[in-house]
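Since the model is a prediction, treat every value here as computed from it, not as a measurement. Letters A, B, ... are given to chains in the order of the sequence lines, protein chains preceding strands, and every chain is numbered from 1.
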Amino acid sequence: MATSSAIPHVLSENVREAVANCNVLVVGAGGIGCEILKNLALSGFQNIEIIDLDTIDVSNLNRQFLFRKEHVAYHDSITTVEYGVNFYKNFNLVLNALDNRIARNHVNRMCLAADIPLIESGTSGYTGQVELIKKGLTQCYECQPKPPQRSFPGCTIRNTPSEPIHCIVWAKHLFNQLFGEDDPDQDVSPDTADPELAADAGKLALSEQNNSDGDVQRKSTNLWAKEIDYNPEKLFNKFFQDDIKYLLSMENLWKKRKPPNPLAWAEASSHEGDSNMIIENNSKTEDMQVWSLSKCSKVFASSISVLKAELSNKNFLVWDKDDKPGMDFVTACANIRAHIFSIEQKSRFEIKSIAGNIVPAIATTNAIVAGLAVLHAFRVLGEELEKCHTTYVRQKSSSAKTVLMTESVLIKANPNCYVCSEKPSVNVSVNVDSMTVKEFETEVLKKNLNMIAPDAMLDGKNLVVISSEEGETEINNNKKLSEIGIIDGSILKVDDFLQNYELTVYITNYVPKDITEPQFIVHGNTENLRPIEEMNGGGKQDTNTKVEVVEPQSSVDDPQEGSSVKRRKLNPAEEEDDDLIMLEDDDD
Amino acid sequence: MGEKELSSIETELYDRQIRLWGIESQEKLRAANVLLIGIRGLGSEIAKDILLSGINSLIILDNGTVTKEEQLVNFLLTPDSLGKNIAKSVLAKAQALNPLVKLTADSDSIESKDEDYFKQFTIVISTKLSTDEIIKISAWCRNSNVKFISGDVFGMFGYTVSDFQDHEYYEDRVKLPKKRRHDEKIPKAEAVTVKVQARIKYPDLSTVIKRSKTGKMKKCRNIYYYLMLVLLEFRNRHKRDPFYTKRQEDLVTLKTIWADISKDYEVDSTMLTDEIFGLVFGEVVPICSIVGGIVVQEAIKAVSGKEVPINNVFLLNPLTYYGKEETIGIV
Ligand SMILES: [Zn+2]
């Protein structure tokens, strides 16, 4: 027998042979990745390579010493040229153990391009999933549109919050306004362009005027904070008293809502005996209790002084859930605002979940999913790909007896998938007279369509409009799409050489009616392209733009958005701490 | 720092799981004292997962000796452990998984332990025991309200059986408030989470895993229940599990046992095929990973009193990887 005796004897001889001789790639070395590596090594796999996405996590799920390292070769990045399609072609099999959607999209595209079987796995809490992705045989990771991100109109955040999450989003924006990188989409001051105000024609005119004023004011928020040397009392009174008074003056907003109560620094800091002072359980750490109003104001002031000092030798700060003063600041501000709007206040622990987009993870589910992934690997190596049915780990409930559920057939590809179909295409509705080429590249091609380094050519004219080569098309960056000939009916041939991915983009001109509508709409399916009017009527939840997105703890995430900063970087290696979910609810 | 109170080191280390099961569950785990009987392939997986969960103490009981075969499937063993006691040999790597847990090895035999020994534990987890040993120990645990769960891996097949006695638990159910239809502008209240209490009475394991010769046992529709009985019977008779070097003779024995059992239970003997019997050799590591995860998830439920536990048998289909709960036995 040529094979090591670690290879399970119950496997057929051809599989045992393949286990000993194959090359496998594991992408990701977090909770699931380490378990997969251990299972592979203990099952007799000899040639294992790993791309470690270098996620630094204090949790107990990174257990790299679970496996013996002698057969494991390390790589530490994922979207670089060295790991192009030819790199993937070195392997018989790729196993994904990733924690975010962008990286998954990328590996999906690489394996499709290299025509290598990919075993995709993921967990969220008690649930998990393992599925085979193989070109021409199964659906790919991007065949089904992912559940929409939860998004909130800007005016809900700025004017009329009604849930804790609205206040938390606002508090993160406030952090960025005061200490972070300038971002016009993260204004925290009252929004006078609120469509609810537009019912009154006179006010509409006024709001347009104010809107431009508002811009001026926004730019000065950061400057003004510096001028007053981040005086906490002055900052507090502006955001929690003056701005709220201003909101109250927009009477239309409060006809059917409970109006907010402006709060002055003096009142808040001396606030005594409020019900939040009652401590339910002494054994809980400070994190678990809802802070009193006076504690919030104290933390507001103390965190500002720490952040101010941190800012003194940097251009801007980047918010991070694990950075104490930043997290303290957001907790305090979210709760003060919640108090003002009579919204339930939350503990720092809960706010961290929401603001940091933390998906709970446990070792047992990771172990189960990693076991299933390697069982799938045996089947792939035994050339039984048609038997690699998707398996789900489910939470036992009083009505569900099935803990591990396996599909009875392979899930077929979506023929209109804009990634794995024969000739991938997509429709983009966008205002060609207002969107710039740079915005199109960043917002549409990179953020929405998950490209890394796109080249775009205007069909019929052989004109390169976007190039991945530094400097080649920079002259186009600030031009509007229509200025370089991208108009209604234009066809763009887009090519991402890093992903070996070609996509035809059909352009439709579209003018959003107001700011609550998306800046652009991506339709994956050409056959179901609906008229724009219809989309506007019912398609708000598909909003891709404009509004901030923060995922609640339990929902399916887009890790790009939940993480600390707006997604600016496309390298998945830089996205962290957002364990994926790609699961259906338990339904039996 | 009080006995029950979690330190900030602990809340940070266990952050991801506390966000799933809550601080109360973590505090109960923190107070739990666990016995693990058997630290072979499946045992090593159980040890890992239970250590990572953040229990108070773990005793690993196994009087076996490290073999070359064992070193291949047990990631807690180092190359220098050959010929040594296996419980002691896993200590270093096991402790490294979680330095906060009080971990001890016990190289005594299971026969040397009397009823009193088991009273110190919150839960007893066993692997590789014979039917009689499972029944004896689980009965002792029952007398002292110590939760009990046992699991095994035979090749691609695995199962767990639990006795959580009279088990009270709760689950959080999210309820959405009724919509106020007429006035959408009123801020909608958040979904409320309600604690739902429930109780399961577990049957005594003697009515679950003991082969019935009376023919009066209720039939189980899941054929893998009978595979479990066949394999336990093999272990009872031979004091070992089916092994690939004796594959041909072991297959004959397995089929002979099955012929008896299928007659006793009046079930169709063609249901367990040669293909299935061919899959029961050795402890297949990914299967250990799966069954270990199930065992420990159930142990966590038993200790924390949160979430619906499996009542009372879990069977892993070796062909499809379906994993189902079966409720077997007489309460
Ligand atoms: Zn697809």
Side-chain angles (χ1 to χ4, degrees), chain A residues 4-6 8-10 35 38-39 41-44 58-61 63 65-68 125-126 162-164 256-258 283-285 287-288 343-344 349 353 358-368 370-375 378 389 391 395-398 401-406 553, chain B residues 2 4-6 8 11-17 19-20 23 27 45 48-49 52-53 69 72-73 75 93 96-98 155-156 183 185-188 190 198 244 278-282 284-290 292-294 296-297 300 307-310 314 316 320-326:
Chain A
S4 143
S5 52
H9 292 273
V10 292
E35 292 277 351
K38 173 209 66 192
N39 290 346
L42 291 185
S43 298
V58 288
S59 85
N60 60 341
L61 297 170
R63 294 287 158 192
F65 48 87
L66 283 181
F67 48 91
R68 299 172 192 136
Y126 298 110
S162 60
E163 292 177 34
K256 289 177 175 176
R257 284 192 186 89
K258 191 176 179 202
S283 76
K284 306 281 176 291
T285 67
D287 244 21
M288 308 284 170
I343 296 167
E344 185 199 353
F349 181 84
S353 270
I358 300 174
V359 178
I362 50 176
T364 48
T365 314
N366 283 346
I368 294 167
L372 290 167
V374 175
L375 294 178
F378 292 150
H389 303 158
T391 306
Q395 187 178 5
K396 171 83 186 74
S397 75
S398 37
K401 283 176 155 302
T402 305
V403 184
L404 302 180
M405 208 284 283
T406 306
Q553 181 182 357
Chain B
K4 266 186 75 184
E5 209 163 308
L6 292 166
S8 59
T11 48
E12 195 173 11
L13 185 64
Y14 305 131
D15 182 83
R16 290 296 190 91
Q17 64 200 42
R19 286 177 196 279
L20 186 68
I23 196 82
E27 283 166 351
E45 285 289 329
K48 163 177 59 74
D49 295 347
L52 293 178
S53 79
E69 202 66 41
L72 290 168
V73 295
F75 71 96
K93 276 192 158 189
L97 286 164
N98 193 342
M156 301 291 274
D183 195 351
K185 292 295 173 197
I186 291 178
K188 58 174 188 293
E190 287 227 311
Y244 71 97
L279 291 175
V280 301
F281 295 84
V284 175
V285 169
I287 301 289
C288 293
S289 190
I290 295 169
I294 301 282
V296 173
Q297 196 53 57
I300 290 167
E307 309 301 351
V308 189
I310 290 171
F314 168 83
L316 179 67
T320 63
Y321 317 140
Y322 243 88
K324 280 188 77 177
E325 170 195 69
E326 297 295 339

(message) For A:V10 versus B:G278, what's the shortest heavy-atom pair and its separation?
(response) CG1-O, 3.8 Å

(message) Within the 4.5 Å heavy-atom criterion, are B:M156 and A:L375 side-chain neighbours or not?
(response) yes

(request) Any chance you could measure B:I287, atom CD1, to A:S43, atom OG, to the nearest 0.5 Å? (result) 10.0 Å

(message) Looking at every non-hydrogen atom in both residues, tell me the closest pair between B:V284 and A:F378 and how far apart they are.
(response) CG1-CE1, 4.5 Å

(request) Would you mind telling me which of B:I310, B:V280, B:L316 has the largest number of heavy-atom pairs within less than 4.5 Å of chain A? (result) B:I310

(message) Test side chain to side chain contact (heavy atoms under 4.5 Å, CB included) on A:K396 and B:I294; report intermediate values, then the result.
(response) CA-CA 11 Å; A:K396 171 83 186 74; B:I294 301 282; over 6 Å; no

(message) Testing the basics here: between A:N39 and B:S289, what is the closest heavy-atom pair and its distance to 0.1 Å?
(response) ND2-OG, 3.3 Å

(request) Please report the shortest heavy-atom distance between B:F75 and A:K38, naming the atom on each side. (result) CD2-CD, 3.7 Å

(request) Kindly say whether A:I362 contributes a backbone atom to a donor-acceptor pair with the side chain of B:R16 at under 3.5 angstrom? (result) no

(message) Would you say that A:L404 contacts B:I290 through its side chain, given a criterion of any heavy-atom pair below 4.5 Å between the two side chains?
(response) yes

(request) Give a yes or no answer on whether the side chain of A:T364 reaches the backbone of B:Q297 with a donor-acceptor pair at less than 3.5 Å. (result) no

(request) Just jot down the salt bridge (charged side-chain N to carboxylate O under 4.0 Å, His left out) partners of B:E326, sequence neighbours excluded, or say none. (result) none

(message) Can you give me the closest heavy-atom contact between A:A363 and B:L52, atom names plus distance?
(response) CB-CD1, 3.6 Å

(request) Evaluate the side chain to side chain contact (heavy atoms under 4.5 Å, CB included) criterion for residues A:H9 and B:F281: first the C-alpha distance (whole Å), next the side-chain angles of each, then the deciding distance (0.1 Å), finally the verdict. (result) CA-CA 7 Å; A:H9 292 273; B:F281 295 84; 5.5 Å; no

(message) Run the side chain to side chain contact (heavy atoms under 4.5 Å, CB included) test against B:E69 and tell me which residues pass, sequence neighbours left out.
(response) B:T67, B:F243, B:Y244

(message) Looking at every non-hydrogen atom in both residues, tell me the closest pair between B:F314 and A:V403 and how far apart they are.
(response) CE1-CB, 4.1 Å

(message) Quick one, B:T11 and A:D287 - any side-chain contact, counting heavy atoms below 4.5 Å?
(response) no

(request) Pick whichever of A:S398, A:A367, A:P8, A:A373 has the most heavy-atom pairs under 4.5 Å with chain B. (result) A:A367

